[in-house]
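For reference, the structure is listed below as structure tokens.
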Amino acid sequence: MSLFKSQTVRGDKPVHEAATLSRQAALAMAVAATGRVAHAAPGSDAALLAIIRRTQQQAAAFMAGDMTRWASLIRLDDDFTLMQPFGGSASHGFDDSPEHLAELARFFRNGGGTLEVEKSYVSGDLIVLVMIERQHGEVGSLPDQNWSLRVTQVYRRHGSEWLLAHRHADPLVGKISLEQAAALARGE
């Protein structure tokens with residue numbers, strides 16, 4: 001079920017499509033109907049809603065190549081880890097220099113997308129989002145195409161602020177065969 005399909009990005013401008021329910025009302029109804037959110041602390045629903053909203057905005061800005069907006073929305077923990085959808089070892093920390101952001105803006109362009117929250121967990125000082133980022137864009141030298149990802153993000157609370165501590169993303173949104181998985185595992 002998509003919780004936040006009311007905002008997409010075309011070019012560099014958000015386009016809000018008509019919706020009969022507010023985002024908060026839709027999430028509250030989805031939680032009540034499916035029990036997809038496990039939470040332990042009062043006020044955690046508000047924190048969860050804010051993180052989901054911010055995550056949607058971050059994903060759309062990133063695929064659009066709007067790294068200035070993306071950097072203004074993202075709050076990374078000091079020990080942030082990233083397992084990139086292109087594979088390889090996990091990276092630690094993030095280079096938020098203007099040069100690196102400009103490099104990212106040249107690599108990811110003219111895209112947009114939506115977020116589908118599959119499951120979320122709130123427990124004490126941690127929030128976990130399990131989601132599908134349904135997105136498209138021009139990446140590297142490739143023309144616009146589908147770049148949807150399966151994503152798990154872990155947020156950790158520091159005082160009143162929630163920081164992204166870990167992100168794991170992969171492009172395996174569609175099922176693949178055992179043989180294809182084996183080839184990937186072999187590095188082919």
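These numbers were taken from a predicted model, which means no experiment stands behind them.
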Given side chains that start at C-beta, do those of Glu118 and Leu129 come closer than 4.5 Å, heavy atoms only?
-> no
Heavy-atom nearest pair, Gly113 first then Gln56, reads O-NE2, 3.2 Å
Using distance alone, with no hydrogens and no angle criterion, decide if His158 and Asp77 have a side-chain donor and acceptor under 3.5 Å apart.
-> yes
For Arg75, the side chain to side chain contact (heavy atoms under 4.5 Å, CB included) test, sequence neighbours excluded, returns Arg54, Glu161, Leu163
Distance, nearest 0.5 Å, that separates CD of Gln57 from CG of Leu115 | 11.0 Å
Point-to-point distance, once rounded to the nearest 0.5 Å, from CE of Met67 to OG of Ser72 = 12.0 Å
Residues that Leu142 engages under side chain to side chain contact (heavy atoms under 4.5 Å, CB included), provided they are two or more places apart = Gln145, Trp147
Between Gly65 and Ala105 the two heavy atoms that sit nearest each other are O-CB, 3.4 Å
Closest non-hydrogen atom pair, Asn146 against Gln135 = OD1-O, 3.1 Å
Report yes or no: does Arg134 contribute a side-chain atom to a donor-acceptor pair with the main-chain N or O of Leu149 at less than 3.5 Å?
-> no
Do Val130 and Ser120 have side chains that get closer than 4.5 Å, going by heavy atoms?
-> no
Please write out which residues are connected to Leu172 in a hydrophobic cluster, directly or through intermediates, given that two of Ile, Leu, Val, Met, Phe, Trp, Tyr count as joined at side-chain heavy-atom separations below 4.5 angstrom.
-> Ile176, Leu184
Taking only residues two or more places apart in sequence or in another chain, which ones pass salt bridge (charged side-chain N to carboxylate O under 4.0 Å, His left out) with Asp96?
-> none
Under the 4.5 Å side-chain heavy-atom rule for ILVMFWY, direct or indirect, which residues accompany Val173?
-> Ile132
Check side chain to side chain contact (heavy atoms under 4.5 Å, CB included) between Glu188 and all other residues, then give those that pass, not counting sequence neighbours.
-> Ala183, Arg186
Can you name the residues that form a side-chain hydrogen bond (donor to acceptor under 3.5 Å, both in side chains) with Gln153, not counting sequence neighbours?
-> Tyr155, Arg167
Once you round to the nearest 0.5 Å, how far does OG of Ser148 lie from CD of Glu133?
-> 9.0 Å
Applying side-chain hydrogen bond (donor to acceptor under 3.5 Å, both in side chains) to Asp144 and not counting sequence neighbours gives His136
May I ask you to test the Met131-Thr55 pair for a side-chain heavy-atom distance under 4.5 Å?
-> yes
For His166 and Thr81, test the side chains for any donor-to-acceptor distance below 3.5 angstrom and give the result as yes or no.
-> yes
Establish whether Trp162 and Leu76 are linked, either directly or via other cluster members, by ILVMFWY side-chain heavy-atom contacts under 4.5 Å.
-> yes
With a 4.5 Å limit on heavy-atom distance, are the side chains of Val128 and Thr152 in contact?
-> yes
Please say whether more than 12 non-hydrogen atoms of neighbouring residues, nucleotides or ligands are located less than 6.0 Å from CG in Asp78.
-> no
Atom pair CD/CD1 of Gln58 and Ile51 - distance to nearest 0.5 Å = 9.5 Å
Is a side-chain N or O of Arg69 found less than 3.5 angstrom from the main chain of Asp66, in a donor-acceptor match?
-> no
Taking every heavy atom of Ala90 against every heavy atom of Met83, the minimum-distance pair comes out as CB-CG, 3.9 Å
Taken in chain and number order and not counting sequence neighbours, the residues that satisfy side chain to side chain contact (heavy atoms under 4.5 Å, CB included) with Leu126 are Val154, Arg156
Pairing residues for His100 by the side-chain hydrogen bond (donor to acceptor under 3.5 Å, both in side chains) criterion, not counting sequence neighbours | none
Can Leu164 and Ile74 be said to form a side chain to side chain contact (heavy atoms under 4.5 Å, CB included), step by step?
-> CA-CA 8 Å; Leu164 182 59; Ile74 196 83; 3.9 Å; yes
Test ring-ring contact (aromatic ring centres under 6.0 Å, His included) applied to Phe108 - qualifying residues, sequence neighbours left out | Phe62
Are Ile52 and Leu73 linked, directly or through other ILVMFWY residues, by side chains that come within less than 4.5 angstrom of each other?
-> no
For Gln180, which residues count as a side-chain hydrogen bond (donor to acceptor under 3.5 Å, both in side chains) partner, sequence neighbours excluded?
-> Ser177
Which pair of non-hydrogen atoms, one from Pro85 and one from Pro171, has the smallest distance, and what is that distance?
-> O-CD, 3.4 Å
